[in-house]
There are 2 protein chains.
Amino acid sequence: MPFDLLLNNVSKYIHLTEAEKEVFFSFLQQKSIKRKAFLLDEGEICRYSAFVTSGCLRGYTVDKNGIKHVLSFAPPGWWIADMYSLISQKPGILNIEALEDTDIILLSKVNQEKLYNEVPKFERFFRILIENSLVANQQRIVDNMSLTAEERYSIFCKRYPTLIDHLPQKQIASYIGVTPEFFSRMRTGLLRKS
Amino acid sequence: MPFDLLLNNVSKYIHLTEAEKEVFFSFLQQKSIKRKAFLLDEGEICRYSAFVTSGCLRGYTVDKNGIKHVLSFAPPGWWIADMYSLISQKPGILNIEALEDTDIILLSKVNQEKLYNEVPKFERFFRILIENSLVANQQRIVDNMSLTAEERYSIFCKRYPTLIDHLPQKQIASYIGVTPEFFSRMRTGLLRKS
DNA sequence: GTAAAAAGATGATGTAGGTTAAGAAAATTG
DNA sequence: CAATTTTCTTAACCTACATCATCTTTTTAC
């Protein structure tokens, strides 16, 4: 069943009847994205939330010097979207790109609204999802303000163990907020210590 | 009416009947906090969301060197809580302190859950509130990664004009993530330019 | 209204992490 | 599997911002 992983995810927070599951499924669509292809480009209006079932996406912004900053990774079991654009339906700043061939399930903004009306439980589900995301983001702000790059890396390793041996170093460097060069130096420093 | 400002805030996103308003009000309590007093100390479990009606609160964490980092300000019309602790009901890391004598309206976690059940519309209200908060936090992460302190200050001035002439400089410095000394120098630099 | 405390300014010096550049290793592509 | 592209490493030098210390100004509390 292609929606299994997603259904698991949803069932952690709300209980659905068979009928409600059917409604939910009818609002979803599947899609595959090739490595290096984009689900969303900055400047576009984000019309979908995406749930990754295999592969990995990353969301990043480009600053005025052309440097990319990774805001989030989406490995299997994670949602990704440009929340600002999705909510406001204005052009966003996020690029969402496949780091490898990736399968996703899409829920359009329009269908999400319908879902809220037809199965109000989903208000709760997405509220909880966003609450968790907010907590993670607040923690990241605190970490960026109060920890060294080395400490942030160590936290990243603990928090996303599956991503570590999966991602190129420069992606992780970008996520924790340092240059690839510094990240490399930092890592050889860490190895020397242990 | 002491709940006017809050009702305005709620009415932006959902429409309430008189009966629903009554239910809502019955779940709320008012409180005053003296300048320098704490609504929440780190290590405590956060049992309330607070809505500020007058005065100003700040939420901050303390790092291992004893340095305080301001995560958020809550002027009138804003909500504040330790979201991590509120959700998980585990000890949190946030200190919430009154920067001046402040009046707030409290909604307890318990009453919030009751409210969701008795007036499900509030699921939507808080979902939207948290969505907006998430977007602001994501933007802050991006800003911290890609902008200089000066640029972040300039954005802060535009985004929170009422706070600027209201707050001690060191609070703003802490929010944008620099030392008070550097902030002071930066500001005299900016004045010289204009 | 005055003593004490907090906030702000400024100078000298220190450092985490950035920049530039260039070569080596690894991964992709056809 | 060879050519190309991407990633990683290392080194020299640079800069935004931190730290420490001292002084002035403003705010707070009694």
Quiz item: Going by the angle between their ring planes, with limits at 30° and 60°, are A:Phe126 and A:Trp79 parallel, tilted or perpendicular?
Solution: perpendicular
Self-check item: Approximate separation, where rounding is to 0.5 Å, of B:Met145 CE and A:Ile67 CD1
Solution: 11.5 Å
Exercise. For the pair A:Tyr13 and A:Phe125, name the ring-plane relationship: parallel under 30°, tilted 30 to 60°, perpendicular over 60°.
Key: tilted
Quiz item: If you measure from the Lys or Arg side-chain nitrogens to the Asp or Glu carboxylate oxygens, is any gap between A:Asp101 and A:Lys34 under 4.0 Å?
Solution: yes
Quiz prompt | Rounded (10°) bend between the five-pair end axes of the helix from C:dG1-D:dC30 to C:dG30-D:dC1 | solution = 70°
Quiz prompt | Rounded distance (Å) that lies between atom P of C:dA16 and atom CG of B:Asn65 | solution = 12 Å
Quiz prompt | Closest nucleotide among D:dT19, D:dT6, C:dA9 to the B:Ile67 side chain | solution = D:dT19
Quiz item: Using a heavy-atom distance cut-off of less than 4.0 Å, which residues of residues 159-169 of chain B contact DNA chain C?
Solution: B:Pro168, B:Gln169
Quiz item: In whole Å, what is the span from the CG atom of A:Asn144 to the C1' atom of D:dC17?
Solution: 16 Å
Exercise. Could you state the atom-to-atom distance from CD of B:Gln171 to P of D:dT27 in whole Å?
Key: 15 Å
Quiz item: To the nearest Å, how far apart are B:Arg187 CZ and C:dA9 P?
Solution: 6 Å
Exercise. Using atom CG of B:Asp101 as one end and atom C1' of D:dA29 as the other, report the distance to the nearest whole Å.
Key: 13 Å
Quiz prompt | B:Arg152 side-chain N/O to D:dC17 phosphate OP1/OP2 under 4.0 Å | solution = yes
Quiz prompt | Protein-nucleotide distance (A:Lys36, atom NZ; D:dT4, atom C1'), rounded to Å | solution = 11 Å
Practice problem: Would you indicate which nucleotide in C:dA6, D:dA18, D:dT9 comes nearest to any side-chain atom of B:Arg185? | Solution: D:dA18
Quiz item: Roughly how many Å is it from CG in A:Leu99 to P in C:dT28, rounded to a whole number?
Solution: 11 Å
Quiz item: Given A:Phe183, which of A:Tyr175, A:Phe156, A:Tyr153 fulfils the ring-ring contact (aromatic ring centres under 6.0 Å, His included) condition?
Solution: A:Tyr153
Exercise. Mind calculating the distance between CE (B:Met186) and P (D:dA18) to the nearest angstrom?
Key: 10 Å
Quiz item: Can you find a heavy atom in the side chain of A:Ile104 that is under 4.5 Å from one in the side chain of A:Ile80?
Solution: no
Exercise. For the pair A:Phe38 and A:Tyr60, name the ring-plane relationship: parallel under 30°, tilted 30 to 60°, perpendicular over 60°.
Key: perpendicular
Practice problem: May I ask you to evaluate whether A:Thr179 reaches the phosphate of C:dG18, defined as a side-chain N or O under 4.0 Å from OP1 or OP2? | Solution: yes
Quiz item: Between C:dA6, C:dG17, C:dT19, which nucleotide gets closest to the side-chain atoms of A:Val178?
Solution: C:dG17
Quiz item: Do we get A:Arg127 above B:Phe122's six-membered ring, with its NZ or CZ under 6.0 Å from the centre and within 45° of the axis?
Solution: no
Exercise. For B:Glu181 and B:Ser184, test the side chains for any donor-to-acceptor distance below 3.5 angstrom and give the result as yes or no.
Key: no
Practice problem: For B:Phe182 and for A:Phe182, find the nucleotide of DNA chain C with the closest heavy atom, then tell me which residue's nucleotide is more 5'. | Solution: B:Phe182
Practice problem: Taking only the side-chain heavy atoms of A:Lys170 (C-beta and beyond), determine which of C:dG8, D:dC8, D:dT19 contains the nearest atom. | Solution: D:dC8
Quiz prompt | Check against salt bridge (charged side-chain N to carboxylate O under 4.0 Å, His left out), B:Lys68 and B:Glu97 | solution = CA-CA 12 Å; B:Lys68 294 171 184 173; B:Glu97 181 196 10; 5.6 Å; no
Exercise. Using only side-chain N and O atoms of B:Ser184, determine if any of them is under 4.0 Å from OP1 or OP2 of C:dG8.
Key: no
Quiz prompt | Pairwise 5' ranking along DNA chain D for B:Glu181 and B:Arg35, keeping only the more 5' one | solution = B:Glu181
